[in-house]
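In what follows, a structure is listed as structure tokens, so that the remarks can point back to it.
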Amino acid sequence: MFPYYEFSNGCRAPPWRQIQGEICYVLVKPHDAETLCITCSKEGVFLNGGKTDDEEEINYERKGEIYKDLVTLLREKSAKFSENMSQQEGRFNEEQQKEKDQPNEAPEEEAAALRKASTASRRSALEKKQISLGRSQMTKRLEPSLNWKTTVDAEENKSSLRDTQEEKHGGRLEKSRPSASPGRAQLLRKSAEKIEEIISESSSESEEDEEPPDHLQEANADLPSEYWQIQKLVKYLKGGNQTATVIALCSMKDFNLAQETCQLAIRDVGGLEVLINLLETDEVKCKIGSLKILKEISHNPQIRRNIVDLGGLPVMVNILDSPHKSLKCLAAETIANVAKFRRAWRAVRRHGGITKLVALLDCRQPSAEPAQPGLHEARDGEVARCGALALWSCSKSCANKEAIRRAGGIPLLARLLKTSREDMLIPVVATLQECASEENYRAAIKAERIIENLVKNLSSENKQLQEHCAMAICQCAEDEETRDLVRLRGGLRPLASLLSNTDNKERLAAVTGAVWKCSISKENVTKFREYKAIEALVGLLTDQPEEVLVNAVGALGECCQEPEGRVTVRKRGGLQPLVDLLVGTNRALLVNVTKAVGACAVEPESMMIIDHLDGVRLLWSLLKNPHPDVKASAAWALCPCIQNAKDAGEMVRSFVGGLELVVNLLKSDNKEVLASVCAAITNIAKDQENLAVITDHGVVPLLSKLANTNNDKLRRHLAEAISRCCMWGRNRVAFGKHKAVAPLVRNLKSNDTSVHRATAQALYQLSEDADNCVTMHEKGAVKVLLTSSVVQSQLCQCGLGRNLSDVKVLLKGVFEHTKLPTCCITAGCK
């Protein structure tokens, strides 16, 4: 049952759901069904949306009808449960029948047992009410402290200020009752059973009710003295005396607030509300003391959520306007600790926190600090550092990224990059790294000339700074101009050298990511070969985390687009680990490794090794992967494998069901999958026997259905596939009957010259059927091919003389096979 916290009224649902009549939520795992997440309410029980992936919250929306009780719902959802319940009811009815047949020997004993159990329960509850306040608080809070780590993200995710106050004050003395209440409920459920069972059950419950005071004493001895001392200090904070409050804050700060017990003590006695209330006073010393404590304890995830629930973030945002720099620093640092999840990001933005944090970056000393800075200058730099820390935490939200840009944060961050303070550079670069995922930011980063500072800091001795600089370059290197800037500023050499430092996996993942994105440019690949980066990348293909593998394999996939790169990978033994990675499950890794294997397969010697390692079969099996991008990448990789295999036809036929699988992929809705499969079919159809097999599997009607696409990439490979498939039997006629000719004619109006070439080849093959020639003429194919100077000039400008000859051959075929009157042909020629 969850949430784990039980309120004083016995409900486990959050207060805002209790208003809807909900009591608690139950997870049930039947033997013959998936886990059920059930809401128990006053109206009945029903299925809800289950737990969400983010923050393990509950989707409270009802997903079905309401049942009168839990048993009825489970009977409906689980046949196994219904069968077992029927058997239990049968046995229960038999026992009831036996009891009716036997004389009622002890009715008075049964009533006496019930009275005895009820009296014992009431006496135990009365004793518990008489326990002192401190012990009562301890009883209530002991269980959450033991389950702190396991329930840190599940309990009290959306509790409000009123909910928290009820939890900490109203329910404190009554929290010791539930041990008696379940006993009474259990006793009532057992009242219909045999007399012996009733007596034994009531006696065991009485014993359990009498045991908690002893257990409480033992538990009290286990808690450290700091727990009680902190709770006493919180009481002083509530007193309202200014001097006592300052002394209590100073004393509380002396404790080890990083320790979980101390954090829990503050929260349990209502200290968070007091600390947040102190932030709204006019006394600067109280604010500073409160913020120092909140800054330390807000590293705890549950404390962070409680602060947000209590409305602490708007108060801290208001403090950012304070004229006291120390208050600004502490408020910004606390916001940096608290703003780690969505509600916190939203709260900071809605209360104007982003604009105020950006304003903190505007310090007077943006460049390197003087040798002995004065107090005022040091504080200015510290304020900017704390503001950058808070923006780093908030920049994980897309809406906050845009708010930072609109507030003018990029020029200020660029100015701060010129400082030599590493503690300043780390949050600044990290913020830029987070924001660089947006295209607007990448353009602004280029305009502010930030890349050269990122490249410069790659040579820093600070590993964390190196990591963030590499990650920022990785994000920005999506643009070709940025990749060129990294090369021109000398950033490729330090990136290549950092590949050999494998001790820090986070930094290694960032560096390999930067190398991957930079290697998209051929000029950068040449430089990486000089710096021996390809050899280093091959060495990272084993015994590395998936984050590193994804980036390393992606970089090798780009480097292997050049012949020298393929040779280096083969000679360094990189093909074996690449093929081994084809059996993985990581989606991004599979996309990259299929691309790398496909690039290596262009070289015949590498293709022999891949085939020997059973790499082609593994690629073919990835066509069954549920992710479209993996399917597409695998199909693209199969194209060079089929082209360069010694006996490609026999190899393809050796995969049982492989050709049918390829043809069925033409039913996909993903354009990239369709284009890659058409390219694979073009290579498969080069073998006549394979062409016959895929024809029998219905490749012609499936290709014809795709002819109306507007995607130029798909148009090109579809036309090539149709051209190849025309070379078997009556496929030309079949394409005409399935109305594939007219859409192909429209492809001639595309601006892509590769589409013109492929379409001309396909139309030439189709023109051998007279009916297809008629369709081409009706759709204006002759006029387009003869009169369109755009088509011919583009072909000539691209140096595709063979393509122009294809057009002439096509025209010849149209005129030779057509049955049109001579006047029509003459008109067409004119």
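In the displayed structure, K340 atom NZ is contacted under 6.0 Å by more than 12 heavy atoms of other residues, nucleotides or ligands. Shown here is R570, whose CZ atom has more than 12 heavy atoms of other residues, nucleotides or ligands within 6.0 Å. In E461, the CD atom is not crowded: 12 or fewer heavy atoms of neighbouring residues, nucleotides or ligands sit closer than 6.0 Å. Other residues, nucleotides and ligands contribute over 12 non-hydrogen atoms within 6.0 Å of the CE atom of M651. The environment of H627 atom NE2 is dense: over 12 non-hydrogen atoms of other residues, nucleotides or ligands sit within 6.0 angstrom. Sparse packing is recorded around CZ of R493, with 12 or fewer heavy atoms of other residues, nucleotides or ligands lying under 6.0 Å away. A 6.0 Å sphere centred on NZ of K505 holds more than 12 heavy atoms belonging to other residues, nucleotides or ligands.
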Subject >> Trace of the salt bridge (Lys or Arg N to Asp or Glu O under 4.0 Å) decision for R653 with D687 >> reply: CA-CA 10 Å; R653 287 190 295 275; D687 182 87; 2.7 Å; yes
Original post:
Are L498 and N501 close enough, and set up right, to give a side-chain contact (heavy atoms from CB on, under 4.5 Å), and what steps lead you there?
Top reply: CA-CA 5 Å; L498 287 174; N501 300 328; 3.7 Å; yes
Original post:
Yes or no on side-chain contact (heavy atoms from CB on, under 4.5 Å) for N551 and C474, after CA distance, side-chain angles and deciding distance?
Top reply: CA-CA 10 Å; N551 295 335; C474 175; 5.9 Å; no
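In this structure, the side chains of V662 and I684 come closer than 4.5 Å at one or more pairs of heavy atoms. Residues Q643 and K686 form a side-chain contact, since some pair of their non-hydrogen atoms from C-beta on lies under 4.5 Å apart. Side-chain atoms of I451 and V486, non-hydrogen and from C-beta on, do get closer than 4.5 Å to each other. Side-chain contact check for Q475 versus K517: every heavy-atom pair is 4.5 Å or farther apart. The side-chain heavy atoms of V663 and L702, taken from C-beta on, include a pair separated by under 4.5 Å. With a 4.5 Å cut-off on side-chain heavy atoms, V569 and L578 count as touching. Counting heavy atoms from C-beta outward, I404 and Y441 have side chains that approach closer than 4.5 Å. For the pair W516 and N592, the minimum side-chain heavy-atom distance is below 4.5 Å.
Using a distance-only test at 3.5 Å, with no hydrogens or angles considered, no donor-acceptor pair links the side chain of R489 to the main chain of V455. S633 contributes no side-chain N or O that, together with a main-chain N or O of V630, makes up a donor-acceptor pair within less than 3.5 Å. Remark: the backbone N or O of A509 is paired with a side-chain donor or acceptor of T512 at under 3.5 angstrom. In this structure a side-chain-to-backbone donor-acceptor pair under 3.5 Å is missing from H717 to V677. Counting only distance, with no hydrogens or angles, the side chain of R442 and the backbone of S437 share a donor-acceptor pair below 3.5 Å. Side-chain N or O atoms of N400 include none that pairs as donor or acceptor with a backbone N or O of K396 at under 3.5 Å. The backbone N or O of V673 lies less than 3.5 Å from a partner atom in the side chain of S676, making a donor-acceptor pair. Side-chain N or O atoms of N504 include one that pairs as donor or acceptor with a backbone N or O of R507 at under 3.5 Å. With hydrogens and angles ignored, the 3.5 Å screen pairs a side-chain donor or acceptor of N683 with a backbone N or O of A679. For T431 (side chain) and P427 (main-chain N/O), a donor-acceptor pair under 3.5 Å exists by modelled atom type.
The pair K713-E672 meets the salt-bridge criterion, since a charged nitrogen lies less than 4.0 angstrom from a carboxylate oxygen. Checked for salt-bridge contact, D752 and R715 miss the test: no charged N lies under 4.0 Å from a carboxylate O. At a threshold of 4.0 Å, the pair E720-R716 counts as salt-bridged, since one of the basic side-chain nitrogens sits closer than that to a carboxylate oxygen. Electrostatic pairing of E605 and K571 does not count as a salt bridge here, judged by no charged N lying under 4.0 Å from a carboxylate O. A salt bridge links K463 with D503: the closest approach of a Lys/Arg side-chain nitrogen to an acidic carboxylate oxygen falls below 4.0 angstrom.
Taking each heavy atom of C639 and A680 in turn, the nearest pair found is SG-N, 3.5 Å.
Between the side chains of S521 and R483, a donor-acceptor pair is found at a separation under 3.5 Å. Checked by atom type, the side-chain pair S519/N524 shows no donor-acceptor distance below 3.5 Å.
The salt bridge (charged side-chain N to carboxylate O under 4.0 Å, His left out) contacts involving residues 397-414 comprise E402-R405, E402-R406, where partners must be two or more places apart or lie in separate chains. Every pair passing salt bridge (charged side-chain N to carboxylate O under 4.0 Å, His left out) that includes a residue from residues 591-602 is listed here, sequence neighbours excluded: E558-K595. Sorted by first then second residue, the side chain to side chain donor-acceptor pair (under 3.5 Å) pairs that include residues 573-584, not counting sequence neighbours, are Q576-D580.
Among L659, I694, D647, the one residue that satisfies the side-chain contact (heavy atoms from CB on, under 4.5 Å) test with V652 is L659. None of L499, V567, L556 except one satisfies the side-chain contact (heavy atoms from CB on, under 4.5 Å) rule with I534; the exception is L556.
By the 30° and 60° cut-offs, the orientation of the rings of W620 relative to F655 is tilted.
Atoms CD and SG, from E564 and C559 in turn, are 11.0 Å apart once rounded to the nearest 0.5 Å. A distance of 8.0 Å separates CG of L432 from CD1 of I410, quoted to the nearest 0.5 Å.
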